[in-house]
Amino acid sequence: MMFDGINLLAVLAAAAGSFVFGAIWYGALGKAWMKAASLSPEQTKPAPVTMAIAFACQLLMAFVLAGVIYHVGGTNLKTGLISAGMVWTGFILTSQIVNHRFQGAPWSLTLIDCGHWLGVLMLQGTIIGLID
């Protein structure tokens with residue numbers, strides 16, 4: 001698999017944008033998320049290393065999504081959104097449902113977390129698709 005068609009600036013912008021989106025998403029839904037995850041506010045204060053790991057994962061996700069978009073049909077908004085939606089449906093949604101059901105987590109946690117990842121992937125797909 002070749003990655004010479006990937007715009008690294010778009011990948012970086014997608015990672016940064018989705019990282020900010022996550023802060024906004026969980027900032028708005030933080031109390032509901034903590035309740036659904038059975039966590040206290042003290043348990044949800046991330047260390048700087050955790051934030052760095054989260055950003056690195058967003059960067060890797062954006063890079064892989066850019067590769068998928070490029071190899072599916074060329075980098076544009078349409079392939080960005082379609083690829084993001086298919087990746088979310090096939091991998092994120094299904095994984096979250098399985099994991100949360102085995103963990104005995106409430107459906108509200110699944111909805112909050114899956115909504116976050118849908119937003120992340122759609123934002124990444126949009127940014128990568130538009131910055132070509």
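Along the sequence shown, residues are numbered consecutively beginning with 1. Predicted model only: the values in this text are computed from it and were never measured.
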How close do [X] and [Y] get, heavy atom to heavy atom, and via which atoms?
X    : Y    : answer
G90  : T94  : O-OG1, 2.8 Å
G125 : A84  : CA-CB, 4.3 Å
Q96  : C114 : CB-SG, 3.4 Å

So I92 and L118, do their side chains get closer than 4.5 Å, heavy atoms only? no
Flag the pair F21 / H116 as yes when at least one side-chain heavy-atom distance between them is below 4.5 Å, and no otherwise. yes
Any chance you could measure [X], atom [atom1], to [Y], atom [atom2], to the nearest 0.5 Å?
X    : Y    : atom1 : atom2 : result
I128 : L123 : CD1   : CG    : 9.5 Å
L81  : M86  : CG    : CE    : 13.0 Å
L93  : L121 : CG    : CG    : 11.5 Å
I97  : T110 : CD1   : OG1   : 7.0 Å

[X]: partners by side chain to side chain contact (heavy atoms under 4.5 Å, CB included), with sequence neighbours left out:
X    : answer
Q43  : L39, S40
V72  : V68, S83
T79  : I69, N76
I131 : N7, A10, A13, I127

Please determine whether residues [X] and [Y] belong to a single hydrophobic cluster, defined as Ile, Leu, Val, Met, Phe, Trp and Tyr linked transitively by side-chain heavy-atom distances below 4.5 Å.
X    : Y    : value
M51  : L12  : yes
L111 : M122 : no
W107 : W25  : yes

For L9, the hydrophobic cluster (side chain heavy atoms closer than 4.5 Å, chained through members) also holds none
Suppose clustering is done on Ile, Leu, Val, Met, Phe, Trp and Tyr with side-chain heavy atoms closer than 4.5 Å. Which residues sit in the same group as V49? I53
Suppose we screen for side-chain hydrogen bond (donor to acceptor under 3.5 Å, both in side chains). Which residues come up paired with Q58, at least two apart in sequence or across chains? S18, Q124
What pairs of residues pass the side chain to side chain donor-acceptor pair (under 3.5 Å) test when at least one of them lies in residues 29-39, not counting sequence neighbours? W33-D113
Give every residue pair that meets the ring-ring contact (aromatic ring centres under 6.0 Å, His included) criterion with at least one member in residues 39-61, sequence neighbours excluded. F19-F55
Go through the structure and list residues passing ring-ring contact (aromatic ring centres under 6.0 Å, His included) with W88, not counting sequence neighbours. none
